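These notes concern the structure reproduced below.
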Amino acid sequence: MDSKDQSFALLTSDTSCPGPPGPGRERPEGHGPRRSSRVPGGRRRKDWSCSLLAASLAGAFGSSFLYGYNLSVVNAPTPYIKAFYNESWERRHGHPIDPDTLTLLWSVTVSIFAIGGLVGTLMVKMFGRILGRKNTLLVNNGFAISAALLMACSLRAGIFEMLIVGRFIMGVDGGIALSVLPMYLNEISPKEIRGSLGQVTAIFICVGVFMGQVLGLPELLGKESTWPYLFGVIVVPAFVQLLSLPFLPESPHYLLFEKHNEAGAVKAFQKFLGKTDVSRVMEEVLAESRVQRNIRLVSVLELLRAPFVRYQVITVVITMACYQLCGLNAIWFYTNSIFGEAGIPPGNIPYITLSTGGVETLAAVFSGLVIERLGRRPLLIGGFGLMTLFFGILTITLTLQDHAPWVPYLSIVCVLAIIASFCSGPGGIPFILTGELLQQSQRPAAFIIAGTINWLSNFVVGLLFPFIQKSLDTYCFLVFAAVCFAGAVYLYFVLPETKNRTHAEISQAFAKRNKAYPPEEKADSAVADDETGNRKPKPDSSSTLDNYVKNRVV
């Protein structure tokens with residue numbers, strides 16, 4: 001405690017001489033954080049440094065881009081892949097494949113991506129603790145490259161299992177990426193731009209979906225002879241990340257909290273913020289560090305049992321479940337069949353599908369531009385509410401599509417409106433909330449929980465949607481409308497606004513609803529008592545405090 005406080009005092013005293021805007025008088029001791037938070041240059045500090053931009057772009061291009069790309073890349077070559085399955089089966093067994101077996105194999109090919117994602121999510125805590133955030137992203141490229149080689153060579157080898165295994169390994173890559181990348185971006189950004197930087201994940205998911213649709217056009221790689229190259233393209237983003245990310249710093253939060261490297265954390269913040277005076281950011285981080293210095297990383301079971309984060313965890317689970325169960329992946333996986341049911345001529349379907357990727361990319365960029373003005377809460381609630389509305393209209397238009405020639409095109413408008421509503425809020429904010437709602441010691445376990453819900457829900461939608469569509473016909477989207485409505489209602493009553501708030505302030509906003517104060521607040525009160533001379537040892541009977549705070553010495 002002494003060494004950290006002394007270095008912190010030196011840091012603040014050195015940086016106070018050049019001075020932030022304001023009168024040139026000394027800062028009263030003990031008022032540093034409060035004073036710096038009122039500096040009128042807050043908006044000016046939202047300028048993004050080159051290192052922050054490079055980290056977000058390189059990290060997202062080799063991570064969330066690949067996730068989005070693999071969501072849509074299987075759409076265009078579907079008939080050619082099925083023909084490849086049939087040919088391989090007939091060569092081995094001497095007879096064509098049974099239609100039901102072919103449907104099952106195709107469903108496994110689509111949905112095993114989610115199983116791999118679940119496996120990757122469960123590996124995050126081990127990799128993150130040993131390697132850190134940046135090095136985990138770098139090692140993760142090995143999964144992407146090996147999966148690309150397997151899938152690209154499957155046709156030449158005549159082994160369709162290579163494609164299925166490659167999809168599974170690519171899912172492992174996506175599971176690690178979608179947990180580590182939001183954690184990394186959350187920890188390298190100041191709170192003023194935390195939402196905008198977090199939206200980079202969603203933007204690159206949408207760009208990946210769009211690029212998968214573009215490259216899948218018949219004029220490019222969506223032909224019978226070239227469809228394996230659609231999967232070989234995956235190596236390009238992986239190599240770009242491998243060549244660029246090593247030149248950028250590790251997460252300063254990881255360096256400070258888990259490696260206890262304060263000097264390295266200061267250098268990382270200076271690099272990411274593009275300035276030598278990082279006193280204001282370090283004040284906030286060191287304040288959290290002093291509270292959590294003896295708090296070990298929380299396991300998943302401990303996080304689920306902790307009463308003081310009960311509603312934070314429930315909110316993460318519900319937002320992540322709604323993120324997948326709201327029906328967007330059903331549209332991404334089965335866009336061609338949806339537009340075919342809407343009456344669109346088969347020759348026009350690839351180009352109509354292309355419009356969905358463009359709309360979702362524009363909506364995600366719009367969300368990134370306005371999230372720090374409007375906040376997370378309105379975008380989430382509004383997005384799910386609009387999706388509920390347009391799913392209802394889509395159900396009506398699909399039911400009445402034979403009554404007029406313009407009705408199928410109204411269905412397309414509804415699909416585009418649903419995609420825009422999703423990407424304007426629910427498409428990226430769940431990843432941001434997972435990092436914002438929980439503190440550093442709880443964050444890896446929180447991302448494991450969020451990732452598990454994400455990939456299980458993804459698997460359920462990918463596997464069951466064809467059967468739901470067959471049994472409910474045009475009313476299948478009412479199921480997704482109900483999910484969106486329930487998510488919007490829950491968030492309206494439970495979720496506080498997290499824009500421009502520290503993790504401690506967000507925890508305090510949930511404390512009343514949880515009816516339990518976090519150990520940090522109890523520890524802070526103990527520190528205050530000691531500073532005023534009240535050194536009465538009071539054994540704490542709280543099991544949560546015993547679980548998380550071991551042998552605290554003031």
Side-chain angles (χ1 to χ4, degrees), residues 69-117 119 143-174 212-235 329-330 332-341 344-350 353 458-471:
Y69 183 83
N70 281 279
L71 284 178
S72 64
V73 73
V74 296
N75 202 16
T78 296
Y80 308 125
I81 296 176
K82 288 183 176 180
F84 165 54
Y85 283 4
N86 187 45
E87 179 185 342
S88 300
W89 187 278
E90 187 171 4
R91 186 172 57 251
R92 292 180 194 177
H93 303 283
H95 59 83
I97 191 172
D98 182 78
D100 292 335
T101 305
L102 180 60
T103 302
L104 178 62
L105 278 176
W106 179 243
S107 295
V108 170
T109 304
V110 172
S111 57
I112 202 170
F113 179 68
I115 298 299
V119 173
F143 291 109
I145 294 171
S146 59
L149 294 176
L150 278 172
M151 293 186 289
C153 297
S154 60
L155 179 63
R156 183 173 294 275
I159 304 173
F160 65 83
E161 290 87 352
M162 291 174 62
L163 182 61
I164 297 174
V165 173
R167 286 280 294 173
F168 173 80
I169 297 175
M170 202 61 235
V172 175
D173 173 270
Q213 295 168 343
V214 170
L215 294 179
L217 291 174
E219 292 82 359
L220 296 176
L221 300 178
K223 299 190 288 266
E224 186 174 7
S225 59
T226 58
W227 67 262
Y229 298 113
L230 280 171
F231 300 99
V233 169
I234 290 170
V235 301
N329 277 351
W332 282 337
F333 284 145
Y334 303 101
T335 306
N336 290 2
S337 60
I338 290 173
F339 285 158
E341 291 292 330
I344 305 300
N348 296 340
I349 286 179
T353 302
N458 185 308
F459 175 77
V460 168
V461 171
L463 191 64
L464 297 184
F465 178 73
F467 302 100
I468 295 174
Q469 187 181 30
K470 183 181 292 186
S471 59

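These figures come from a predicted structure and were not determined experimentally. Residue numbers count from 1 along this sequence.
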Give me the atom names and distance for the closest heavy-atom approach of G212 to S72.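 G212 and S72 have their closest heavy atoms at CA-OG, 3.5 Å.
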State, to 0.1 Å, how close K223 and Y80 come at their nearest heavy-atom pair, and which atoms those are.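 Where K223 meets Y80 most closely, the heavy atoms are C-CE1, 3.8 Å.
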Please identify each residue that fulfils side-chain hydrogen bond (donor to acceptor under 3.5 Å, both in side chains) with E161, with sequence neighbours left out.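 In terms of side-chain hydrogen bond (donor to acceptor under 3.5 Å, both in side chains), with neighbours along the sequence ignored, E161 is linked to R92.
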Side chain to side chain contact (heavy atoms under 4.5 Å, CB included) between T109 and Y85: does it pass, once the steps are laid out? CA-CA 11 Å; T109 304; Y85 283 4; 2.7 Å; yes
Looking at E224, I'd like to know if its CD atom is crowded, meaning that more than 12 non-hydrogen atoms belonging to other residues, nucleotides or ligands lie closer than 6.0 Å.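 Not buried by this count: 12 neighbours or fewer within 6.0 Å.
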Name the orientation class of the two ring planes belonging to W89 and H95 (parallel below 30°, tilted from 30 to 60°, perpendicular beyond 60°).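 Ring orientation, 0 to 90° scale: perpendicular.
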Would you call the rings of F160 and F84 parallel, tilted or perpendicular if under 30° counts as parallel and over 60° as perpendicular?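 Rings of F160 and F84: perpendicular, as their planes differ by over 60°.
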Please tabulate, one pair per line, all N/O donor-acceptor pairs under 3.5 Å involving side-chain atoms of residues 143-157, not counting sequence neighbours.
residue : atom : partner : partner atom : Å
S146    : OG   : G142    : O            : 3.0
S146    : OG   : F143    : O            : 3.0
S154    : OG   : M151    : O            : 2.8

Heavy-atom side-chain proximity of [X] to [Y] below 4.5 angstrom:
| X | Y | answer |
| --- | --- | --- |
| Y229 | L220 | no |
| V74 | F113 | no |
| F231 | L221 | no |
| V73 | I234 | no |

Going from CG on D98 to CG on N86, what distance comes out if it is rounded to the nearest 0.5 angstrom?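 Answer rounded to 0.5 Å: 10.5 Å.
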Residues W227, T78; criterion side chain to side chain contact (heavy atoms under 4.5 Å, CB included); working and verdict: CA-CA 10 Å; W227 67 262; T78 296; over 6 Å; no
Can D173 and N70 be said to form a side chain to side chain contact (heavy atoms under 4.5 Å, CB included), step by step? CA-CA 11 Å; D173 173 270; N70 281 279; over 6 Å; no
Is there a side chain to side chain contact (heavy atoms under 4.5 Å, CB included) between I112 and I164? Walk through the geometry before answering. CA-CA 7 Å; I112 202 170; I164 297 174; 3.8 Å; yes
